[in-house]
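Note on naming: letters A, B, ... go to the chains in the order of the sequence lines (proteins, then strands), and numbering restarts at 1 for each one. Note that the structure is a prediction, hence the values are computed from the model and not measured.
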Amino acid sequence: MVRLITHNMLACHVKNCTKDNFPLSFSDVELVVRPAPENLEFIQRFLPKLDWSALVDTARSLGDESLPEQMPDQWTEEQLKALHHVLMELHVEEGNMTCRGCGHVYPISNGIPNMLLAEHEVGR
Amino acid sequence: MPQYILRISLDHTSFRIPSLLSVSQVFNFAIRFISKDKYRGLLVIELEKEEDVHHILARDTLVLSACELYASGDTYEELHEQMKGNLKVLEPYLHSSFKFTLEGANHRVLDKRVTETVESFAYTELKGKIQMKDPEEEFVIFEDYDWEVAHTVEARIKRDGKFRHVYFGRRVGFGKARLLPTVHDVKARAYYGNTSMDSHMGFLMAGQALPAPGKIIYDPFVGTGSMLYASAHWGAYVMGSDIDGRQIRGKAKGKEVKPGILRAAAQYGTEDLFLDCLTYDVTKSPIRRGGWVDAIITDPPYGVRAGAKRLGRKEGGRPLRDEPYMFPDGTYSHLMPGYLPPSRPYELANLTKDLVQLARWLLVPGGRLVFFLPTVTEDYQEVDVPVVEGMRELKVGEGSVQDFGKWGRRLITMEKTAQDDGPPPTFEDHEEFDIRNQPDHLPGHHGFRDRYATGFSSRKKSENASPAGTPPVLEPVVSLGSGDKV
């Protein structure tokens, strides 16, 4: 788990961290590809919720170059399939997600990220 | 429009109508309830087409079987009279092989009466072969009895034939979802914990969230994941978060160990629908935007079996650190493996209101929030369900309640009526629930953990016993009887 669809919805939430807190950058990643049944209609409906440039950058950092720099206006089925692969089939099982703003490291183990804040990061 | 008789379970009766409605909402068909009393073992409904009844049979865990209704009456005379004027409905089946079945709701009809009753339908002049095994059509006579205790054979004989209503129809099919709660039985699940929800209730709850392929359903207090298995069974993508990651993982440790929730999901063949499970406190959550979740479904921690926690420190204690703590050897405490930040109790009335506000932000327009609200029966009032602009409660009659006597839990279903996302909730403690402000009314679920531990003693008394603002220190619950000493 930690699929890119979820990763695209997560930002650093340490108190007062508001700059460069999204997207979190991956490091020391153990990547697993697990084929998932396609639901391209869902992918298309989800498009407006995505932050495209964050997704493209993240996918590239994981070695997947299949997404175009700009979000296409008209989608071909092939492009949607590539997006499905990036969003749903890439699983980061081990590694870290690091905030580029404050440097907080969110470790991932067994596919579950620990996103609890430390005491001094909570804020009131 | 055709009418159908549903033979329907007498369990969870207050969930029955919402459950049927949710099926009609998922598949977008109209359903009309014909029976005056909607809570008997037989329920007559009206649908546009037979396809709709198959959706109900495939999906509703409470429905045992469905028949197309041809005639009914309070007596057999009335039934036959109506049927004789309606014989054309049988034309398509005149030459099909068939059998007759006599079923009783709340009563098993005596064998000796079966033959004469079936023979009284001779006027239907069905010409097909009578075939008891695998006939093409099955015609069913339903006798609907009041619920009554009849322990002895004599009582059963005395009662036989004294039904309230009798129906006649053709069997359309049997409930296919009936077995799902057994298939998902917690005892046979690959992974569960002491807070896992009974599988049937899980399905009834999930139904309210209208799960379907291509929807995202989220549980912010996911625990061992029991809310998600039923949702994923109907094809929805699911995700969960919890402040306590141990609940998601289970005890087994190691790099190759699959988290507990995924092991159970794999058992049900839905692992690929589990988008993600994350460890965080939903009140300090990393979710960056709203408006993308189709339903939130959760059984929030009542504080009884699992303590409801959020990050922070208890009021009156040491304040939160502003700077990281450094050990004498120069390492930071929060960077040590196994570091757990401090947490404080999350009072249920605050949690509930936060949950509705979270839904207001996170859901898509028309999305649903489904959760259990445990509440002290004596103190519950309708206003206890949090009112938040942009969210509307969907309720049938008195609502769906699981009654345990002094307390009960209500299944609350809400719909997001707002079209925008609005601002994210702040998760500040709500002043209206602070006993120091001496509110006129505290919800029946306020301080639920303490009420449970004190055997639900009346609020007035317990207020005298413990001054406001300093709840008693709680020991593990060992006895529920009020005043019992163990």
Side-chain angles (χ1 to χ4, degrees), chain A residues 1-17 21-24 30 34-46 48-51 54 87-89 91-94 97 99 104-124, chain B residues 213-216 235 237 239 241-245 248-249 252-259 261-262 271-281 283-293 310-313 319-325 332-335 337 339-343 362 364 428:
Chain A
M1 295 194 290
V2 186
R3 309 194 202 204
L4 294 201
I5 186 170
T6 327
H7 174 266
N8 203 268
M9 295 293 132
L10 301 173
C12 178
H13 53 300
V14 166
K15 77 172 165 184
N16 300 334
C17 177
N21 64 343
F22 173 80
L24 302 169
E30 190 180 300
R34 292 201 188 97
E38 277 170 5
N39 184 344
L40 299 184
E41 208 182 303
F42 162 76
I43 299 289
Q44 202 145 23
R45 210 172 50 236
F46 203 76
K49 323 286 183 196
L50 292 170
D51 184 309
L87 286 178
M88 312 297 282
E89 297 187 331
H91 294 250
V92 177
E93 291 297 325
E94 305 285 329
M97 295 190 288
C99 173
H104 184 112
V105 177
Y106 299 97
I108 301 168
S109 66
N110 302 90
I112 300 173
N114 180 356
M115 307 199 74
L116 287 174
L117 299 179
E119 180 174 0
H120 63 278
E121 297 168 330
V122 169
R124 268 156 267 189
Chain B
K215 286 190 177 184
I216 298 182
Y237 294 117
M239 56 177 287
S241 71
D242 205 294
I243 191 170
D244 187 355
I248 300 172
R249 294 167 192 275
K253 287 198 175 67
K255 199 157 166 279
E256 297 306 318
V257 175
K258 194 187 264 197
I261 288 188
L262 285 189
E271 196 183 343
D272 57 281
L273 293 169
F274 279 64
L275 286 184
D276 260 305
C277 290
L278 312 104
T279 307
Y280 59 75
D281 172 9
T283 71
K284 306 280 175 200
S285 100
I287 298 175
R288 96 179 146 84
R289 62 163 292 165
W292 57 279
V293 170
R310 55 185 296 181
L311 294 183
R313 281 196 185 273
L320 273 178
R321 285 175 198 289
D322 284 321
E323 298 300 325
Y325 178 72
Y332 282 114
S333 71
H334 70 280
L335 298 178
Y339 167 80
L340 275 180
S343 60
L362 203 53
V364 298
E428 307 267 341

Worksheet item: Heavy-atom distance under 4.5 Å to chain B: side chain of A:Glu30, backbone, both or neither?
Response: side chain
Fill in: Option among B:Ile261, B:Leu262, B:Leu275 that satisfies the side-chain contact (heavy atoms from CB on, under 4.5 Å) test with A:Met1
B:Leu262
Item to complete: Would you mind checking which part of A:Glu89 comes under 4.5 Å of any heavy atom in chain B, side chain (CB onward), backbone (N, CA, C, O), both or neither?
Response: neither
Practice prompt. Report yes if some heavy atom in the side chain of A:Ser109 is under 4.5 Å from a heavy atom in the side chain of B:Arg249; otherwise report no.
Written response: yes
Worksheet item: Is it the side chain or the backbone of A:Pro48 that comes within 4.5 Å of chain B heavy atoms, both, or neither?
Response: backbone
Worksheet item: So do the side chains of A:Phe42 and B:Ile216 get within less than 4.5 Å of each other, counting heavy atoms only?
Response: yes
Worksheet item: With a 4.5 Å limit on heavy-atom distance, are the side chains of A:Lys15 and B:Asp322 in contact?
Response: yes
Item to complete: May I ask you to decide if A:Val2's main-chain N or O and B:Asp276's side chain share a donor-acceptor pair within less than 3.5 Å?
Response: yes
Fill in: Min side-chain heavy-atom separation B:Arg289-A:Asp51 under 4.5 Å
no
Worksheet entry | Contact class of A:Leu10 relative to chain B, heavy atoms under 4.5 angstrom | both
Item to complete: Evaluate side-chain contact (heavy atoms from CB on, under 4.5 Å) for B:Lys284 paired with A:Glu121, printing each intermediate quantity in order.
Response: CA-CA 10 Å; B:Lys284 306 280 175 200; A:Glu121 297 168 330; over 6 Å; no
Response to the item:
Turns out that what part of A:Phe46 lies under 4.5 Å from chain B's heavy atoms comes down to side chain
Worksheet item: Yes or no on side-chain contact (heavy atoms from CB on, under 4.5 Å) for A:Asn8 and B:Arg288, after CA distance, side-chain angles and deciding distance?
Response: CA-CA 8 Å; A:Asn8 203 268; B:Arg288 96 179 146 84; 3.1 Å; yes
Practice prompt. Determine whether A:Met88 and B:Tyr237 make a side-chain contact, defined as any pair of heavy atoms from C-beta on separated by less than 4.5 Å.
Written response: yes
Worksheet entry | A:Leu50 versus chain B, the contacting section by heavy-atom distance below 4.5 Å | backbone
Discussion item. Counting heavy-atom pairs under 4.5 Å with chain A, which one of B:Met239, B:His334, B:Glu323 comes out on top?
Written reply: B:His334
Discussion item. At a heavy-atom distance under 4.5 Å, which candidate from B:Gly245, B:Ser333, B:Pro324, B:Pro341 has the highest pair count against chain A?
Written reply: B:Pro324
Discussion item. Regarding A:Arg3 and B:Asp272, does a basic nitrogen lie under 4.0 Å from an acidic carboxylate oxygen?
Written reply: no
